[in-house]
Amino acid sequence: MSSKHDNSSITPEFTEELRYLHKVMQAIDILGEQPELAVIAYGRIWQYPDLLKTAIRYAWLAQLHGFDIEPFRRWYNRDAEIFTHYGVEWQPH
């Protein structure tokens, strides 16, 4: 992991949120293949737009922590129309 960012902007809350979102993404990843489904996890119902919004926040936090998010960027660029359709933009915070 090589960081391109100033690590002083990483708060313990950001680290905890990244860990939580990692678990969420694992629980709801089926929505990427079957967007018509709903997933019950972590006390709520998750649908496809939730996957997109969560992915944006997860990628932003991962990048902040120095992780390579290039695979996410390729997905976002390839499917930008889908993100836009659901009102999701690369503005994670």
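Sequential numbering from 1 along the given sequence is applied to the chain's residues.
Minimum interatomic distance between Tyr76 and Glu89 (heavy atoms only, all atoms of both residues): OH-CA, 3.5 Å. Here the shortest heavy-atom pairing between Pro49 and Val88 reads O-CG2, 4.5 Å. Nearest heavy atom pair, residue Gly32 against residue Tyr48, reads CA-CE1, 4.2 Å. Residues Ala41 and Trp46 come closest through the heavy atom pair O-NE1, 2.7 Å. Nearest approach of Ser9 to Leu64, heavy atoms of both residues: OG-CD1, 3.3 Å. The two atoms that bring Leu18 and Phe67 nearest to each other are CD2-CE1, 4.3 Å, heavy atoms only.
Atom CD1 in Ile30 sits 11.5 Å away from atom CD1 in Ile28 (nearest 0.5 Å). Atom CG of residue Leu61 and atom NE2 of residue His65 lie 7.0 Å apart, to the nearest 0.5 angstrom. Considering OH of Tyr58 and CG of Leu51, their distance stands at 12.0 Å, rounded to 0.5 Å. The line from CG of Asp79 to OG1 of Thr84 is 10.5 Å long, rounded to the nearest 0.5 Å. Atom NZ of Lys53 sits about 14.0 Å away from atom CG of Leu21, to the nearest 0.5 Å.
Every pair tested for side-chain hydrogen bond (donor to acceptor under 3.5 Å, both in side chains) that includes a residue from residues 30-42 fails, sequence neighbours excluded, so the list is empty. Among pairs with a residue in residues 20-29, none fulfils salt bridge (charged side-chain N to carboxylate O under 4.0 Å, His left out), at least two apart in sequence or across chains.
Arg44 meets the salt bridge (charged side-chain N to carboxylate O under 4.0 Å, His left out) test with Asp50; sequence neighbours excluded. Looking at residues two or more places apart in sequence or on another chain, you find a side chain to side chain donor-acceptor pair (under 3.5 Å) between Glu17 and Arg57. The salt bridge (charged side-chain N to carboxylate O under 4.0 Å, His left out) check on Arg19 picks up Glu16, with sequence neighbours excluded. Under the rule for a ring pair (Phe, Tyr, Trp, His ring centres under 6.0 Å), the partners of Trp75 that lie at least two apart in sequence or sit in another chain are Phe72, Phe83.
Residues Val39 and Ile45 fail the side-chain proximity criterion, which asks for heavy atoms closer than 4.5 Å.
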